[in-house]
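In what follows, a structure is listed as structure tokens, so that the remarks can point back to it.
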Amino acid sequence: MDPLTERTPRVVSAVKLLRTAERRKAGRFLVEGENSVGEALATRAVHDLFYTEDARQRYAELIGRAEAVGVRTSLVTDRAVRGLSDTVTPPGLVAVCDLLDVPLSDAVGPGTRLLAVPVSVSEPGNAGTVIRVADAVGADAAILAGDSVDPHNGKCVRASAGSLFHLPVVRERDTAAVLDSISAAGIQLLATAADGEVDLDDADDMLSRPTAWLFGNEAHGLDASVAARADHRVRIPIHGRAESLNLATAAAICLYSSARIQNHTRTDS
């Protein structure tokens with residue numbers, strides 16, 4: 001069978017999913033590479049899998065898994081896969097999956113202990129890394145609030161390294177609704193701030209409670225009105241000469257700190 005080309009209707013339709021508006025319209029997005037495609041297959045959310053001749057040889061087991069669960073698999077030309085990819089060096093393996101975000105009400109409720117809440121985060125690599133960190137520490141969900149990047153953006157998907165498929169991810173443009181829902185569930189809101197009144201090193205008792213960490217925009221931090229809604233503003237102590245920490249690093253430190261205390265508390269009880 002001849003490989004599909006960049007002009008094949010199915011390929012043309014899939015290429016459109018590189019755009020946010022088309023993803024929302026179709027309810028689907030693209031996933032690239034062995035790791036992310038493998039995690040997608042585990043959720044059974046895959047509709048199509050496109051692969052090059054080279055990828056067929058390298059990822060034969062993965063393609064076989066897709067076929068075994070009823071995914072439509074198709075050999076495509078190198079040119080077609082370049083059109084499906086937004087990377088400089090495409091891995092040659094692209095899946096079409098259902099969108100993964102869930103309603104806010106599914107992520108916040110009884111039993112919720114730890115949430116990552118990036119607010120108006122515009123850099124997809126940072127958003128994906130925060131999702132990956134949230135997954136690594138065992139957070140209950142990641143909530144992208146305000147005017148944040150689409151978590152199904154290709155760079156965000158790659159930065160999440162498969163974690164996008166492991167925990168609930170919420171998109172909610174109404175930041176006030178996110179904060180109201182979290183507070184109503186009895187979860188404290190902690191905001192990162194360079195001039196915060198609480199030092200993270202002294203916050204163990206506070207961190208043992210159900211917590212939602214608010215992380216601000218890369219360039220401007222948290223909006224003042226959002227920071228004002230926090231129960232506490234927390235500063236990360238910097239002992240060296242670095243002026244500040246980037247968003248993803250700050251998120252990793254804060255989420256790990258909460259997980260360490262919460263897991264220790266559970267073990268002791």
Any side-chain heavy atom of [X] sitting closer than 4.5 Å to one from [Y]?
{"X": "R72", "Y": "R10", "result": "yes"}
{"X": "S74", "Y": "V11", "result": "no"}
{"X": "D195", "Y": "R233", "result": "yes"}
{"X": "L144", "Y": "D101", "result": "no"}
{"X": "T5", "Y": "R79", "result": "no"}
{"X": "I131", "Y": "L167", "result": "yes"}
{"X": "I182", "Y": "V117", "result": "yes"}
{"X": "N217", "Y": "S122", "result": "yes"}

For this session: Tell me, with the steps shown, if F215 and V121 meet side-chain contact (heavy atoms from CB on, under 4.5 Å).
Result: CA-CA 8 Å; F215 306 112; V121 173; 5.6 Å; no

Exercise. Which word best sums up how the rings of H152 and F29 line up, parallel for under 30°, tilted for 30 to 60°, or perpendicular for over 60°?
Worked result: perpendicular

Between the side chain of [X] and the main-chain N/O of [Y], is any donor-acceptor distance below 3.5 Å?
{"X": "S85", "Y": "R82", "value": "no"}
{"X": "T211", "Y": "R209", "value": "yes"}
{"X": "S148", "Y": "A145", "value": "yes"}
{"X": "Q188", "Y": "M206", "value": "yes"}
{"X": "S181", "Y": "A177", "value": "no"}
{"X": "S208", "Y": "I261", "value": "no"}

Shortest non-hydrogen contact from [X] to [Y]?
{"X": "V12", "Y": "E6", "result": "CG2-O, 3.3 Å"}
{"X": "N126", "Y": "A248", "result": "OD1-CB, 3.7 Å"}
{"X": "A107", "Y": "L115", "result": "O-CD2, 3.8 Å"}
{"X": "A14", "Y": "F50", "result": "CB-CE1, 3.8 Å"}
{"X": "V133", "Y": "A251", "result": "CG1-O, 4.3 Å"}
{"X": "V96", "Y": "R28", "result": "CG1-CD, 3.9 Å"}

Decide whether [X] and [Y] are clustered together by the hydrophobic rule: side chain heavy atoms of Ile, Leu, Val, Met, Phe, Trp, Tyr closer than 4.5 Å, transitively.
{"X": "L164", "Y": "V31", "result": "yes"}
{"X": "V170", "Y": "L179", "result": "yes"}
{"X": "L190", "Y": "L222", "result": "no"}
{"X": "L245", "Y": "V119", "result": "no"}
{"X": "L41", "Y": "L84", "result": "no"}

For this session: Walk me through it: do T192 and V234 pass the test side-chain contact (heavy atoms from CB on, under 4.5 Å)?
Result: CA-CA 5 Å; T192 54; V234 181; 5.7 Å; no

Rounded to the nearest 0.5 Å, how far apart are [atom1] of [X] and [atom2] of [Y]?
{"X": "L17", "Y": "E22", "atom1": "CG", "atom2": "CD", "result": "7.5 Å"}
{"X": "F165", "Y": "N35", "atom1": "CZ", "atom2": "CG", "result": "9.5 Å"}
{"X": "T87", "Y": "R158", "atom1": "OG1", "atom2": "CZ", "result": "5.5 Å"}
{"X": "L114", "Y": "Y256", "atom1": "CG", "atom2": "OH", "result": "13.0 Å"}
{"X": "I238", "Y": "S244", "atom1": "CD1", "atom2": "OG", "result": "6.5 Å"}
{"X": "N153", "Y": "E123", "atom1": "CG", "atom2": "CD", "result": "8.5 Å"}

For this session: Start with the C-alpha gap between T129 and R132, add the side-chain angles, then the distance that decides, and say whether side-chain hydrogen bond (donor to acceptor under 3.5 Å, both in side chains) holds.
Result: CA-CA 5 Å; T129 301; R132 184 178 185 179; over 6 Å; no

For this session: Check step by step if side-chain contact (heavy atoms from CB on, under 4.5 Å) holds for V69 and V46.
Result: CA-CA 9 Å; V69 296; V46 180; over 6 Å; no

Exercise. With a cut-off of 6.0 Å (strictly less than), are more than 12 heavy atoms of other residues, nucleotides or ligands near CG of D201?
Worked result: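 Count over threshold, so yes.
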
Exercise. Would you say the side-chain atoms of S225 and D223 include a donor-acceptor pair closer than 3.5 Å?
Worked result: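 Looking only at side-chain atoms, D223 and S225 do form a donor-acceptor pair, the distance falling under 3.5 Å.
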
For this session: Assess whether side-chain contact (heavy atoms from CB on, under 4.5 Å) is satisfied between R229 and D180, documenting all intermediate values.
Result: CA-CA 9 Å; R229 287 287 308 273; D180 289 345; 2.9 Å; yes

For this session: Answer yes when R113 and D140 have at least one side-chain N-carboxylate O distance shorter than 4.0 Å, and no when they do not.
Result: no

